[in-house]
Amino acid sequence: MNDPRQRISVLRDEINRHNHSYYVLNSPTISDFDFDMMLKELETLEKQYPEFDDPLSPTHRVGSDINRQFDQAPHIHPMLSLGNTYSIDEVDEFVHRTHQALDGQDFDIIGEMKYDGTSISLIYEKGRLVRAVTRGDGEKGDVVTDNIKTIRSIPLQLTGSGWPEMFEIRGEVLLPWEAFDRLNAERAYQEEPIFANPRNAASGTLKLLNPAQVAHRGLDAYFYYMLGENLPADNHYDNMQAARSWGFKVAPIMSVMHSISEVDEFIRHWDTARKELPVATDGLVFKVNSLRQQLNLGYTAKSPRWAIAYKFPAERALTQLRFVSFEVGRTGVITPVANLEPVQLSGTIVKRASLHNADIIQSLDIHDGDIVYVEKGGEIIPKITGVDTSAREAGAKTVTFVSTCPACGSLLQRIEGEAAWICPNKYGCPPQIVGRIEHFVGRRMMNIDGIGEETAQLLYDSGLVTDIADLYDLTMPQLMSLDRFAETSARRVLQGIDDSRNVPFERLLFALSIPFVGETGAKKLARATLDIDTLMSMTAEQLTAIDDIGSKIAESITEYFSCESNRNIIERLRKAGLQMSMPSEDLQRSDILQGKTIVISGTFIHNSRDRYKELIEQNGGRNSGSISRKTDYLLAGDNMGPAKLEKATSLGIQIIDEDTFLSMINK
């Protein structure tokens, strides 16, 4: 073949095909020597004819030696986490709940393995990989395209046909056990710290700045979900089978199930069989198969309603209790922590474990020096689950809960109706102040880069930051005067502070550390009140009229804003230029549905049920879950519940479809 361009094209196709056979199908069709010779010929031709270079050529999988900092990119669709459980009964309840939410429709369930690696999102356009982004904070992540290219099981150019013009596919980047053991052996030989588990190793590898190092470590990737317009099928299972035909290493364990008994059997089987897999796993995932049903089930603030993760039972280990320390959180809650003799558990070394509260200490009957059982809840958070009393030394003293704050000496108070004890010195107890600063700068709050736990403590100890508003008065000379601060790190902090002025109002509310106001509650409050002044002026009674805001949260909010120091902080944050209201597009409301009560039933095409609920509220209407004489409209989709239809008809309630509804609100 004399045409170098044609020969290069043929070699690339052949090498990609052999890569797929070897790394995805585990069925090589050519010897290593012949493959290496083919790759060497391609490298030679590409050097001779650089005008025919292609960044997705298989020769680039080895990575370059260029170091570069990672850019960040927003996700086209947020990468939410899954709701999870450790109980088969709760998985069964998920199936029941889904059946009810779909008004009794039949639905298929897909059972898959939950792989223990690091999540990745890949974007393909015209069959070519264009971007790879880590999960990050769910809204945006690090662009690691160059490193992803080194993973040989990931197709750079798709094969077959039928792929959409542009789509996203999500998966898990993994370090197989064999590669993990080899990597740790190399690190031990070089007297470098070894990785605790394959998940940490995979995550750390993906963030290396040198793609050549990434290529050497032997990462793999399994894919489990596809998003985009014009997907090949209207269900998850068939879409993933199509992805398999395009060259993706689709998760091999993927079963279609139709009943709870099949789901339970799937769990029982893989609880044992998973231990024979070549990669680390930490559970199973169950998904509704139909994409249309997924749309109608919608999402909570944190996770999809159409999927659930089942976590395998945690490992247990025995070790000795050295002593119990008592730590103060940002809300004043005192948490007892068991300090342990180091013990290996689920791939990590455990030295500390939470004892949660005074009641747990009492129920466990822990004594000084006890031999205790340690588990890792979800294989992540260590906890004490029991005591080996037969090993207890004679005369050992019972561990008792403290009565005064270990940080400021204030007499502790018990929260009514709860097991927690708190330090009431909210604005004078150092750990609470530092905790609020640390929370404020966090990634899901104001996302101020360069300030972590140690830096927050340093800023407080120096007297520069005694409340969150002080952050906006910091200067370069002040930061440069502190230990561990150089010009680069100081500029990074000041830039992060400046960038935080653009953080949305709902995240600012979450960042304020108002007791009992979490991320979801902050979003609801922001969307219901629209600005900080309205929120500060509301009574507890007015606040409880907002969905999901109960009396406990409402009283906490009014108490927070009744404090003069908190109101002063708000005014200082306002002067610093922080966002104190929702953006203008969220302020565009109408009263078209004022005084109207609407019930939603069935499945829809244009929007999810949650979106229709938002539209009803934005236009002055009220959502209701049940039909009564006070109902004005029944917004009916396909396959709506026959009981609701019959009741609406008998009461003479107007039944509208989604097109009529959207027309009513001028959408």
Side-chain angles (χ1 to χ4, degrees), residues 84-90 116 177 180-181 184 188 193-201 267-268 270-276 280-283 310-329 333-407 412 414-415 418-423 431:
N84 60 61
T85 179
Y86 303 91
S87 162
I88 295 180
D89 289 341
E90 288 185 10
D116 196 15
W177 287 114
F180 173 71
D181 292 340
N184 267 350
I194 64 172
F195 286 106
N197 54 52
R199 178 181 63 250
N200 291 356
I267 293 173
R268 282 190 289 269
W270 285 110
D271 191 15
T272 301
R274 67 187 171 97
K275 296 174 183 177
E276 304 301 320
T281 63
D282 63 350
Y310 168 79
K311 295 296 193 74
F312 295 122
E315 279 187 41
R316 287 212 310 175
L318 273 172
T319 189
Q320 186 171 30
L321 173 70
R322 296 176 56 234
F323 63 93
V324 175
S325 56
F326 295 87
E327 302 182 357
V328 188
V333 173
I334 309 299
T335 301
V337 176
N339 294 264
L340 310 167
E341 288 297 329
V343 62
Q344 182 89 9
L345 188 62
S346 297
T348 60
I349 301 296
V350 174
K351 299 179 182 179
R352 287 158 52 89
S354 174
L355 286 166
H356 300 293
N357 55 53
D359 290 355
I360 296 295
I361 289 180
Q362 187 174 7
S363 66
L364 289 171
D365 186 30
I366 291 183
H367 287 54
D368 291 340
D370 268 351
I371 303 298
V372 296
Y373 290 98
V374 189
E375 285 187 7
K376 294 185 77 177
E379 300 187 5
I380 297 173
I381 304 170
K383 59 183 178 181
I384 305 296
T385 58
V387 176
D388 181 3
T389 55
S390 64
R392 179 175 292 160
E393 293 185 8
K397 293 182 179 180
T398 303
V399 174
T400 57
F401 204 86
V402 292
S403 59
T404 59
C405 176
L412 300 183
R414 185 146 194 174
I415 299 177
E418 296 187 16
W421 288 81
I422 65 167
C423 169

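The closest side-chain heavy-atom distance from Asn357 to Trp421 is not below 4.5 Å. For the pair Pro342 and Lys351, the minimum side-chain heavy-atom distance is below 4.5 Å. For the pair Leu412/Ile422, no side-chain contact is recorded, criterion being any heavy-atom separation below 4.5 Å from C-beta on. Looking at heavy atoms from C-beta onward, Phe312 lies in side-chain contact with Thr281 at the 4.5 angstrom threshold. Residues Val350 and Val374 form a side-chain contact, since some pair of their non-hydrogen atoms from C-beta on lies under 4.5 Å apart. Side chains of Val387 and Ile371 form no contact here, defined as non-hydrogen atoms less than 4.5 Å apart. Side-chain atoms of Gln320 and Val372, non-hydrogen and from C-beta on, never get closer than 4.5 Å to each other.
Partners of Thr404 by side-chain hydrogen bond (donor to acceptor under 3.5 Å, both in side chains), not counting sequence neighbours: none found. Residues passing the salt bridge (charged side-chain N to carboxylate O under 4.0 Å, His left out) test with Asp271 are Arg274, sequence neighbours excluded. Ser403 pairs by the side-chain contact (heavy atoms from CB on, under 4.5 Å) definition with nothing, not counting sequence neighbours. With sequence neighbours left out, Asp359 forms a side-chain hydrogen bond (donor to acceptor under 3.5 Å, both in side chains) with Arg414. Residues satisfying the side-chain contact (heavy atoms from CB on, under 4.5 Å) test with Ala338, not counting sequence neighbours, are Leu321, Leu340, Leu355, Ile384. Partners of Ala407 under the side-chain contact (heavy atoms from CB on, under 4.5 Å) rule, at least two apart in sequence or in another chain, are Val328, Cys405, Cys429, Pro431. A search for side-chain hydrogen bond (donor to acceptor under 3.5 Å, both in side chains) contacts involving Glu327 returns Arg352, not counting sequence neighbours. A search for side-chain hydrogen bond (donor to acceptor under 3.5 Å, both in side chains) contacts involving Asp365 returns nothing, not counting sequence neighbours. Ser87 meets the side-chain contact (heavy atoms from CB on, under 4.5 Å) test with Thr85, Asp89, Glu90; sequence neighbours excluded.
Minimum heavy-atom separation, Ala420 to Val333: CB-CG1, 4.1 Å. When all heavy atoms are compared, the tightest approach of His367 to Ala396 is CD2-O, 3.0 Å. Summarising the geometry of Trp177 relative to Pro198, their closest heavy-atom pair is CZ3-CG, 3.4 Å, with the distance given to 0.1 Å.
Taking CZ of Arg322 as the start and CD of Glu341 as the end, the distance is 5.5 Å to the nearest 0.5 Å. In this structure, OG1 on Thr319 lies 12.5 Å from OH on Tyr373, to the nearest 0.5 angstrom. Atom CG of Asp282 and atom NZ of Lys311 lie 5.0 Å apart (nearest 0.5 Å). Atom-to-atom distance recorded for Asp388:CG and Leu318:CG is 6.0 Å, nearest 0.5 angstrom. Rounding to the nearest 0.5 Å places NZ of Lys397 at 7.5 Å from CG of Asp368.
For Phe326 and Phe401, the ring centers are positioned less than 6.0 Å apart.
Of the possible polar contacts, one joining the Asn339 side chain to the Val337 backbone as a donor-acceptor pair under 3.5 Å is found.
Arg392 and Asp370 are joined by a salt bridge, as a carboxylate oxygen and a charged side-chain nitrogen come within less than 4.0 angstrom of each other.
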